[in-house]
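Below you'll find the structure, written out as structure tokens, and then a few comments.
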Amino acid sequence: MTQEQVKTQPKSMEWKYRLIESLAPVLGFLFAMVIMMITVQFIGESPIKALSAILTFSFSQSGIAYIVSQSIPLIIAGEANAIAFQAGVFNIGVEGQYLFGALCAGVAGAYLNLPTYIHIPVVILAGMLGGMIWILIPALLKVYKGVHEVISTIMMNQIASAVILYLVDGPFNGVRGAKQSFNLRTPYMKPTAVFPSLHNIVNSITGLFGFKFPHYVAVDLSWLIALIVVVLLWFLLFKTSLGLRIRWVGQNISASVYAGVDVKKTLLVTMFISGAIAGLVGLQEVAYISKFFTPNITRGLGFTGLAVALLARNNPLGVILSGLLFSFLSRAGYGLQMYTKVPNSLIGIISGLMILSVVVIDQILRRYARTLRRREVG
Amino acid sequence: MFDFWYFLLRGLQLSAPMAYGALGAVYSETGGVVNIAVEGMMLTGTFFFVWGATLFKSWIAGLLFAIAGAVLISLIHGLATITFKVDHVVSGTALNILASGLTRFLSMQIFGMETQSTVNPYTPPTFLRINVIAYFFIPLAIFTVWLLNRTRFGLRLRSCGQNPWAADSLGVNVYAYKYIGVILSGVFAGLAAATLYPHQWIDAMTAGRGFLALAAMIFGNYNPLYAVLAAMLFGYAETLTYFQNQIPLLSGISPILIKAFPYVVALVVLAGFIGRTKAPKADGVIFEKGEG
């Protein structure tokens, strides 16, 4: 440590290299935006009009409120991916895990009779348990059989789609006669299980800055859950020995074996934590907005969560910002769709492109900073 | 009555997308580039097939378009992983997201609908009721075995996946060979797309078959012929679900649940056999000339 300091102290330029290295997300975002505007121009729409559509639609009072509220599931999905990435695990199965977790939560809310202060925690735990069940097989296969989790979790995603449809069509069908219809859903959750609204508390804080969340925007217990997940994950990763082991395994498996880390156990624990967090992704929709589980629940949050985590470089605090950014992008997509000729799906292209450009620019900047460092040493 | 011959042929057709996808993945990973993007390449290919075929009123144009579209995605993957040295799985994941957005975007621009194209009447000819392109994956697998094991090209490609530094020191242009491997995976993903459902493009129609192709490649131990046989296992598992009512053992299972059958089969075989497979030594390793 001291040796390190002695080495780096005279190099006052170190902060500059760090800054260069950390610019990648910003530059990647800007690059993706430029490509987006070129595409907009290409399909015969004015980029200025597109930009103003995005800005007016996103930064009105309800626009901001929606962006914040809809970032909650993205942040949770981002954290589920981030913790796995930290251990070098690609949990592409967040998608299936949150579908199954949301079903478990919906069922626990609809079929149990409990006082509210027990029922709500039971619903939350049911979601986490569902997510953990759905990562169990990939976790065991990875640790004991060496099956790459990308393959096994994708299989589990496909199986989840079939299983939730089967279960809601069969044993947990809440609508008689609604066989495989668009209305297929579980019974309504008991009032004791429904998440409380946090409008009053949140508005009393944001009101100090002159901002109120409208009543039609979801401000609920899932906000608190997301906050707790972020803080706990940050604490776990950077303040505990388990977190250190997780990051070691993610950075260099063979070195962490020499350092005496039980790699198998660390991987198992990480994947279960990731699955448990993934199980929380659908709770805002199930336990607050619709109050039942349906196979038509918002899909694709797991894959967006992957992008959220990558953009935040798997930092639990950074996930908040990138979750907000992706929520903004999705809002921007609707703005474009509504006010211009640009279809919503452009945002899908831009999301993929943004991840790519961030990681590519990251590589370029790291190289550049390394060259500068070497030059300074030489 | 259970029509055995039809079952056999139908299975061949349903195996073809995964078999071609797996063959392409074998080329890419033999050269040391992990290719999670097979799914996205196949999806792009399916759209480009319908686009090209309806544009030029010819299924051959469709096939060329499908290959071109898939190769386009594979080139981005090559650029990101080989030239810019990005993590292979990250690039593949990003490309899968991109392909999903790209196909929906193009469909909106070209067909005016975001989740499906118009019906394409210019499909490949059929022989014995199935797509002719589906008959070629076994010969191509045998050809690939020969190419990888008996030719100078194959030896060099394998050396890039096993030990790129050694290959480099012997004068092999490692970057070029890796690019060729990745581009070939795009070509095969295009063939996979042409056999999936050339009649129409539907949003997310590949439904994980690109990943099943990767599972087949792993299950087949990175050997082209075994990978194709593994793909046929998944393909015939899917075929069984279409003949569900005629098979006593399966007729009791819910028709909703049975959709998951091929994926369950894939998981079971991966769980049971994976211990024996061996990926190329430098598969997924970032190669940099002059280092290592």
Side-chain angles (χ1 to χ4, degrees), chain A residues 39 42-43 85 90 92 137-138 140-141 144-148 150-170 180 299-300 303-304 306-307 310 337 341-364 367, chain B residues 34 36 39-40 76-77 79-80 83-87 89-109 114-115 203 207-208 210-212 214-215 217-219 254-267 270-275 277 279 286:
Chain A
T39 318
F42 192 71
I43 61 174
F85 272 127
F90 286 83
I92 309 227
I137 293 174
L140 293 176
L141 283 182
Y144 293 108
K145 287 281 184 177
V147 178
H148 200 293
V150 168
I151 307 290
S152 58
T153 52
I154 283 279
M155 303 294 146
M156 291 303 287
N157 285 349
Q158 301 290 341
I159 297 170
S161 285
V163 166
I164 57 164
L165 197 59
Y166 170 74
L167 288 176
V168 180
D169 182 53
Q180 288 213 52
R299 300 281 180 106
F303 292 104
T304 315
L306 212 64
L310 286 173
Q337 180 123 316
K341 289 185 288 186
V342 183
N344 195 359
S345 51
L346 180 59
I347 296 299
I349 304 181
I350 296 305
S351 303
L353 202 65
M354 194 158 71
I355 305 170
L356 265 184
S357 54
V358 167
V359 285
V360 166
I361 291 171
D362 187 54
Q363 283 295 328
I364 296 171
R367 262 147 223 281
Chain B
V34 172
I36 302 288
E39 177 86 6
I76 304 177
H77 190 54
L79 199 65
T83 303
F84 289 112
K85 301 172 177 65
V86 162
D87 187 298
V89 181
V90 171
S91 165
T93 308
L95 285 172
N96 287 335
I97 296 174
L98 187 127
S100 155
L102 179 72
T103 47
R104 280 191 295 135
F105 178 79
L106 288 176
S107 180
M108 189 70 200
Q109 296 306 312
E114 200 171 284
T115 52
D203 185 26
F211 291 100
L212 279 173
L214 293 177
M217 173 198 69
I218 295 171
F219 181 41
S254 146
I256 301 175
L257 214 49
I258 202 136
K259 292 255 188 301
F261 187 58
Y263 306 100
V264 174
V265 170
L267 268 183
L270 286 175
F273 295 90
I274 193 76
T277 73
I286 306 287

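Below, read A as the first sequence line, B as the second, and so on, with proteins coming before strands; counting in each chain starts at 1.
- Taken from CD in A/Gln363 to OG1 in B/Thr83, the straight-line distance is 12.0 Å, to the nearest 0.5 Å.
- Atoms CD1 and OG, from B/Ile256 and A/Ser161 in turn, are 12.0 Å apart once rounded to the nearest 0.5 Å.
- Between chain A and the options B/Leu212, B/Ile76, B/Ile258, the largest number of non-hydrogen pairs under 4.5 Å is found for B/Leu212.
- There is no contact between A/Thr304 and chain B, counting heavy-atom distances below 4.5 Å.
- Between chain B and the residues A/Lys341, A/Met354, A/Arg367, the largest count of heavy-atom pairs under 4.5 Å involves A/Arg367.
- Among the candidates B/Leu214, B/Asp87, B/Val89, the residue making the largest number of heavy-atom pairs closer than 4.5 Å to chain A is B/Val89.
- The contact between B/Leu102 and chain A is made by backbone and side chain atoms together, counting heavy-atom distances below 4.5 Å.
- For chain B, the nearby part of A/Ile151 is the side chain; its heavy atoms alone come within less than 4.5 Å.
- Here A/Pro343 is the residue among A/Ala307, A/Ser152, A/Pro343 with the most heavy-atom pairs under 4.5 Å with chain B.
- Rounding to the nearest 0.5 Å places NZ of A/Lys145 at 11.0 Å from CG of B/Leu270.
- Remark: A/Phe85 CZ is packed, more than 12 non-hydrogen atoms of other residues, nucleotides or ligands lying under 6.0 Å away.
- Each of B/Ala207, B/Pro262, B/Ala99 has some count of heavy-atom pairs under 4.5 Å with chain A, and the biggest count is that of B/Ala207.
- Interface remark: B/Ser100 contributes no atoms to any contact with chain A (heavy atom separation under 4.5 Å).
- With a threshold of 4.5 angstrom between heavy atoms, B/Ala266 approaches chain A through side-chain atoms but not through N, CA, C or O.
- In this structure, the portion of A/Leu306 lying under 4.5 Å from any heavy atom of chain B is its side chain and not its backbone.
- Options A/Leu140, A/Asn344, A/Val150, A/Ile92 differ in how many heavy-atom pairs under 4.5 Å they form with chain B, and the most are formed by A/Val150.
- Summarising the geometry of B/Ala271 relative to A/Leu141, their closest heavy-atom pair is CB-CD2, 3.3 Å, with the distance given to 0.1 Å.
- Contacts between A/Leu310 and chain B at a heavy-atom distance below 4.5 Å involve the side chain alone, from C-beta outward.
- Atom-to-atom distance recorded for A/Gln158:CD and B/Phe211:CZ is 9.0 Å, nearest 0.5 angstrom.
- Annotation: side chain of B/Phe84 is not in contact with side chain of A/Val359 (no heavy-atom distance under 4.5 Å).
- Atom-to-atom distance recorded for A/Ile349:CD1 and B/Arg104:CZ is 9.0 Å, nearest 0.5 angstrom.
- Ranking A/Ala162, A/Pro138, A/Ala160 against chain B, the residue ahead of the rest is A/Ala162, based on heavy-atom pairs under 4.5 Å.
- Taking CD1 of A/Ile137 as the reference point, atom CG of B/Leu267 lies at 6.5 Å (rounded to 0.5 Å).
- Contact detail for B/Ile97 and A/Phe303: the closest heavy-atom pair is CD1-O, 3.9 Å.
- Heavy atoms of A/Ile159 lying under 4.5 Å from chain B belong to its backbone as well as its side chain.
- Neither the backbone nor the side chain of B/Asn96 comes within contact range of chain A; no heavy atom of the residue lies under 4.5 Å from a heavy atom of that chain.
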CA sep, side-chain torsions, deciding dist, call: A/Ile355, B/Val90, side chain to side chain contact (heavy atoms under 4.5 Å, CB included): CA-CA 8 Å; A/Ile355 305 170; B/Val90 171; 4.2 Å; yes

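- Of the atoms belonging to B/Leu95, it is side-chain heavy atoms, and not backbone ones, that fall under 4.5 Å from chain A.
- A/Ile43 places a side-chain heavy atom less than 4.5 Å from the side chain of B/Phe105.
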